[in-house]
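One structure is given here, and the rest of the page talks about it.
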Amino acid sequence: MLKIISELIIPVVLLIIPLYGLIKHVKVYEVFVDGAKDGINTMTKIFPALLAMLVAVGVLRSSGALDGFAKLIEPFTSRIGMPSEVIPLALIRPLSGSGALGIATELIKSKGPDSFTAKLASVMYGSTETTFYVLAVYFGSVGVKKMRHSIIAGIAADIVAILSSVFYSRLFF
């Protein structure tokens, strides 16, 4: 039954939306095209911030700065039981979801999916947010320039999520 529902859900939704528009006397195609135009305008607004962030993540990973900073804070993270291999994931996750996914995937492949490091990486990946990406996309799309408190709150939430993921992974795994 669940398989049938999952196969039909998208076609049904794609059928219901235009039918609902027809019932409400909305010009569905014109509204769709206007929405696509707005989407392209939004993309052009946020593209510079996204590009800058992706370049910064690439530079951090390629230059070795990420690994250098990880070695610098490793004495502190080892006190809470965080393996040093997971530190780059904790550092890159607020910047880039795809970069963090790449790091988590590498950890799972190299350490094995049942290892503590892989389980911690999975919990950490799911518990944290791409703070700077979200700020760039959402705030950039509406033109917000002053985001000081949002950055502080986002980083604080990421720190709490990282510490919690280590604590609960140690507790359960």
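- Considering all non-hydrogen atoms of both residues, A100 and L89 come closest at O-CD1, 3.3 Å.
- Closest approach of P75 to S78, counting heavy atoms only: O-OG, 3.0 Å.
- With rounding to the nearest 0.5 angstrom, the OG atom of S6 is 11.0 Å from the CE atom of M1.
- In terms of heavy-atom proximity, P113 sits nearest to A118 at O-CB, 3.9 Å.
- Between I155 and P94, every side-chain heavy-atom pair lies at or beyond the 4.5 Å cut-off.
- Residues I87 and E74 come closest through the heavy atom pair CD1-CA, 3.8 Å.
- Taking the side chain as every heavy atom from C-beta outward, V86 and T117 approach each other to under 4.5 Å.
- In the hydrophobic cluster analysis, where Ile, Leu, Val, Met, Phe, Trp and Tyr join through side-chain heavy atoms closer than 4.5 angstrom, V28 is grouped apart from V33.
- The shortest distance between side-chain heavy atoms of L135 and S150 falls below 4.5 Å.
- If you take CE on M124 and CG on L107, they are separated by 9.5 Å, rounding to the nearest 0.5 Å.
- Both I159 and L95 sit in one connected hydrophobic cluster of ILVMFWY residues. Membership requires side-chain heavy atoms under 4.5 Å apart, directly or through other members.
- For the pair I80 and F167, the minimum side-chain heavy-atom distance is 4.5 Å or more.
- In this structure a side-chain-to-backbone donor-acceptor pair under 3.5 Å is missing from S62 to V59.
- Rounding to the nearest 0.5 Å places CD1 of I10 at 13.5 Å from CG of L15.
- Within a 6.0 Å sphere centred on OH of Y133, heavy atoms belonging to other residues, nucleotides or ligands number 12 at most.
- Residue pairs meeting the side-chain hydrogen bond (donor to acceptor under 3.5 Å, both in side chains) criterion with at least one member in residues 23-35: none, sequence neighbours excluded.
- Put simply, the side chain of F173 reaches to within 4.5 Å of the side chain of V123, judged on heavy atoms.
- When all heavy atoms of R93 and Y125 are compared, the pair lying nearest together is NH2-O, 3.0 Å.
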Would F69 and I73 satisfy side chain to side chain contact (heavy atoms under 4.5 Å, CB included), going step by step from the backbone distance to the final call?
CA-CA 6 Å; F69 188 69; I73 65 171; 3.9 Å; yes
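- T130 meets the side chain to side chain donor-acceptor pair (under 3.5 Å) test with no other residue; sequence neighbours excluded.
- L22 and V12 fall into different hydrophobic clusters, where Ile, Leu, Val, Met, Phe, Trp and Tyr side chains are chained together by heavy-atom contacts under 4.5 Å.
- Listed by first and then second residue, the side-chain hydrogen bond (donor to acceptor under 3.5 Å, both in side chains) pairs that reach into residues 163-173 come to none, sequence neighbours excluded.
- With no hydrogens or angles considered, no side-chain donor-acceptor pair links T128 and D158 at under 3.5 Å.
- Hydrophobic clustering (side-chain heavy atoms under 4.5 Å, transitive across Ile, Leu, Val, Met, Phe, Trp, Tyr) groups L163 together with F116.
- Transitive grouping of hydrophobic side chains (ILVMFWY, heavy atoms separated by less than 4.5 Å) keeps I17 and F32 in distinct clusters.
- Within a 6.0 Å radius of CD1 in I4, no more than 12 heavy atoms belonging to other residues, nucleotides or ligands are found.
- Annotation: the span from E85 atom CD to L120 atom CG amounts to 10.0 Å, rounded to 0.5 Å.
- Going from atom CG of L101 over to atom CD of E106 covers 10.0 Å, rounded to the nearest 0.5 Å.
- Taking CD1 of I103 as the start and CG of L66 as the end, the distance is 5.5 Å to the nearest 0.5 Å.
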